[in-house]
Amino acid sequence: MDPRGAVETVFRIESPRIVAAVARVVRDVGLAEELAQDALVAALEQWPRDGVPHNPGAWLMTAARRRAVDLVRRRENYAGKLAEIGRTLDGTVPPEEPSGPDDIDDDLLRLVFTTCHPVLSTEARIALTLRLLGGLTTAEIARAFLVPEPTVAQRIVRAKRTLATRNVAFEVPYGADREARLGSVLEVIYLIFNEGYAATEGADLLRPSLCEDALRLARVLSALMPKEPEVHGLTALLEFQASRTAARTGPDGTPVLLKDQNRRRWNRMLIARGIRALARADAAGSPGPYTLQAAIAACHAHAYSYEETDWRSIATLYALLAARAPSPVVELNRAVAVSMAEGPARALEIVDALAAEPALRDYHLLPSVRGDLLHRLGRTAEAGAEFARAAALTRNERERELLLRRAAQSG
């Protein structure tokens with residue numbers, strides 16, 4: 001195993017947990033990220049010389065925590081801070097302090113709520129949390145938001161500075177404060193899952209660790225807030241989406257389109273969990289955007305084949321979603337459902353109306369969908385050009401290969 005490559009791979013996977021654990025010690029998310037980066041530098045120096053450790057993730061965590069402890073030792077309140085991470089001066093572990101009934105001992109969840117503090121703008125909360133919790137680069141976050149990369153970079157820098165200067169506590173909030181931050185928290189979890197479900201760039205279509213983190217956080221949050229319908233709606237959506245993971249790529253990592261997936265490989269246990277979560281969402285209140293998306297995913301989960309899918313119900317649900325949460329991306333997805341329910345010609349009208357949307361100008365799925373519709377209409381040359389344009393826009397190597405292959409087949 002190449003030591004440098006191992007460092008980069010392990011750090012990308014483990015950095016959210018490392019930052020979250022260190023932030024609990026130093027109570028400063030910006031400083032925690034710096035200490036995690038220091039551990040990365042140490043690994044880059046030592047692993048090529050000494051070899052990759054047996055448990056590289058634990059090595060990085062230990063190195064980062066040691067740096068946090070060293071920093072704490074240099075502070076005037078050394079004894080109090082050291083006790084907070086579970087060590088007394090003689091190295092023994094003191095009894096755990098009693099916690100409230102709503103307290104969740106989950107550093108990742110604390111990190112989400114901290115970076116979603118109301119002192120930050122909504123855009124800054126999401127960008128910072130994706131950076132720290134998801135371990136995403138600014139380029140990946142910009143891709144998720146469909147905004148310029150420098151904009152995201154500025155948001156992250158300003159957000160960390162604001163949290164530090166305003167002395168925001170590293171905690172899971174309670175009462176009204178928790179309610180105020182919930183919308184941003186749900187959106188953050190949703191975007192993290194999406195980045196794992198369809199990576200914006202790189203050699204792999206999937207980043208399962210991100211999906212697992214997002215799904216775990218959604219489940220924890222649903223236990224924490226059992227009366228919030230959208231919490232259950234998001235959890236249901238992620239359960240349904242995660243159920244398809246094994247069928248979404250071939251043995252060599254090549255993407256498999258929904259219509260070609262072997263549905264026997266869909267995880268029935270996750271589908272059952274999604275059905276139960278959706279029922280809880282429906283019982284808790286009127287459907288919001290996440291619950292509507294979960295209902296759409298449920299339609300796919302209930303169908304034994306692509307042809308048996310209830311596309312008219314899906315198109316209706318997308319229309320409700322578009323009315324509840326207007327978005328050009330939602331409208332593009334509605335067009336796909338309409339193409340199956342009413343035919344590609346009607347759907348092409350919807351897609352062509354989206355061509356002038358600034359947010360979709362560099363969005364590769366717009367020409368990809370348009371190419372598919374043109375192909376179904378027999379306009380193969382035009383379809384090939386659209387697939388080629390989509391391939392030029394995507395940064396994911398697996399998606400690019402698929403789109404170029406479809407372009408060649410259409411030509």
Side-chain angles (χ1 to χ4, degrees), residues 186-187 189-199 204-251 253-321 324-325 329-330 333-334 336-337 340-341:
L186 294 178
E187 188 169 7
I189 295 173
Y190 178 65
L191 287 174
I192 291 171
F193 183 90
N194 280 350
E195 181 57 34
Y197 193 70
D204 299 316
L205 178 70
L206 306 177
R207 292 173 58 189
S209 62
L210 285 181
C211 292
E212 291 166 5
D213 279 341
L215 185 52
R216 185 177 64 84
L217 287 171
R219 290 170 178 169
V220 169
L221 199 61
S222 65
L224 180 65
M225 309 183 74
K227 296 182 180 180
E228 286 290 337
E230 278 293 79
V231 172
H232 296 302
L234 176 63
T235 304
L237 173 61
L238 302 194
E239 300 279 11
F240 286 130
Q241 297 290 74
S243 73
R244 306 178 200 165
T245 300
R248 293 188 65 237
T249 56
T254 302
V256 178
L257 298 175
L258 179 63
K259 66 184 180 66
D260 299 323
Q261 289 176 17
N262 180 356
R263 300 195 175 204
R264 287 176 294 183
R265 299 192 67 198
W266 286 8
N267 189 314
R268 308 313 298 185
M269 182 188 71
L270 292 179
I271 289 175
R273 292 183 65 108
I275 292 171
R276 290 195 295 270
L278 182 57
R280 287 192 289 269
D282 289 336
S286 59
Y290 293 114
T291 302
L292 288 170
Q293 290 179 72
I296 292 168
C299 289
H300 290 293
H302 286 302
Y304 289 103
S305 70
Y306 189 75
E307 292 73 22
E308 294 177 57
T309 305
D310 187 353
W311 289 106
R312 291 194 177 278
S313 291
I314 292 177
T316 299
L317 287 167
Y318 267 122
L320 292 173
L321 179 60
R324 187 70 184 270
V329 174
V330 170
N333 288 331
R334 186 176 76 86
V336 174
M340 298 302 298

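Given the structure is predicted, the values throughout are model-derived calculations rather than measurements.
- Atom-to-atom distance recorded for Ile189:CD1 and Leu237:CG is 12.0 Å, nearest 0.5 angstrom.
- Ala315 is linked by a side chain to side chain contact (heavy atoms under 4.5 Å, CB included) to Ala337, Val338, counting only residues two or more places apart in sequence or in another chain.
- Considering only residues two or more places apart in sequence or on other chains, Asn333 meets the side-chain hydrogen bond (donor to acceptor under 3.5 Å, both in side chains) condition with none of them.
- In this structure Ser286 satisfies the side chain to side chain contact (heavy atoms under 4.5 Å, CB included) test with no other residue, sequence neighbours excluded.
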>> Between Thr249 and Thr254, does the side-chain contact (heavy atoms from CB on, under 4.5 Å) criterion hold? Intermediate values first, please.
In response: CA-CA 5 Å; Thr249 56; Thr254 302; over 6 Å; no

Distance-only donor-acceptor hits, side chain of residues 267-283, under 3.5 Å, sequence neighbours excluded:
{"unit_1": "Asn267", "atom_1": "OD1", "unit_2": "Met269", "atom_2": "N", "d": "3.0"}
{"unit_1": "Asn267", "atom_1": "OD1", "unit_2": "Leu270", "atom_2": "N", "d": "3.0"}
{"unit_1": "Arg273", "atom_1": "NE", "unit_2": "Glu239", "atom_2": "OE2", "d": "3.1"}

>> For Met340 and Thr309: C-alpha separation, side-chain torsions, deciding distance, then whether side-chain contact (heavy atoms from CB on, under 4.5 Å) applies.
In response: CA-CA 9 Å; Met340 298 302 298; Thr309 305; over 6 Å; no

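- For Gln261, the side-chain hydrogen bond (donor to acceptor under 3.5 Å, both in side chains) partners at least two apart in sequence or on another chain are Trp266.
- Residue Ala325 comes nearest to Val330 through the heavy atom pair O-CG2, 4.1 Å, listed as atom of the first residue, atom of the second, then distance.
- For the side-chain hydrogen bond (donor to acceptor under 3.5 Å, both in side chains) test, no residue two or more places apart in sequence or in another chain qualifies with Asp260.
- The side-chain hydrogen bond (donor to acceptor under 3.5 Å, both in side chains) contacts involving residues 223-237 comprise Glu230-Thr291, where partners must be two or more places apart or lie in separate chains.
- For the pair Ala214 and Leu238, the tightest heavy-atom approach, listed with the atom from each and the gap, is O-CD1, 4.0 Å.
- When every heavy atom of Phe193 is checked against every heavy atom of Ala242, the shortest pair comes out as CZ-N, 3.7 Å.
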> For Leu234 and Leu221, what are the C-alpha separation, side-chain angles and deciding distance, and is it a side-chain contact (heavy atoms from CB on, under 4.5 Å)?
Replying inline: CA-CA 10 Å; Leu234 176 63; Leu221 199 61; 5.9 Å; no

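- Residue pairs satisfying the ring-ring contact (aromatic ring centres under 6.0 Å, His included) criterion with at least one member in residues 274-298, sequence neighbours excluded, are listed as follows: Tyr190-Tyr290.
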>> Please evaluate residues Arg244 and His300 with respect to the criterion side-chain contact (heavy atoms from CB on, under 4.5 Å), reporting the C-alpha separation (whole Å), side-chain torsions for both, the decisive distance (0.1 Å), and the verdict.
In response: CA-CA 10 Å; Arg244 306 178 200 165; His300 290 293; 3.6 Å; yes

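- The shortest heavy-atom contact between Cys299 and Ile314 is CB-CG1, 3.6 Å.
- Taking the salt bridge (charged side-chain N to carboxylate O under 4.0 Å, His left out) definition, one finds that Arg324 meets it with nothing, sequence neighbours left out.
- Between Arg334 atom CZ and Tyr318 atom OH the span is 11.5 Å, to the nearest 0.5 Å.
- The side-chain hydrogen bond (donor to acceptor under 3.5 Å, both in side chains) search around Ser313 returns Asp310, not counting sequence neighbours.
- Applying the side chain to side chain contact (heavy atoms under 4.5 Å, CB included) rule to Glu307 yields the partners Ser305; only residues at least two apart in sequence or on another chain are considered.
- By the 4.5 Å heavy-atom criterion applied to side chains, Phe240 and Gln293 are not counted as neighbours.
- Taking CG of Leu215 as the reference point, atom CD1 of Ile192 lies at 12.0 Å (rounded to 0.5 Å).
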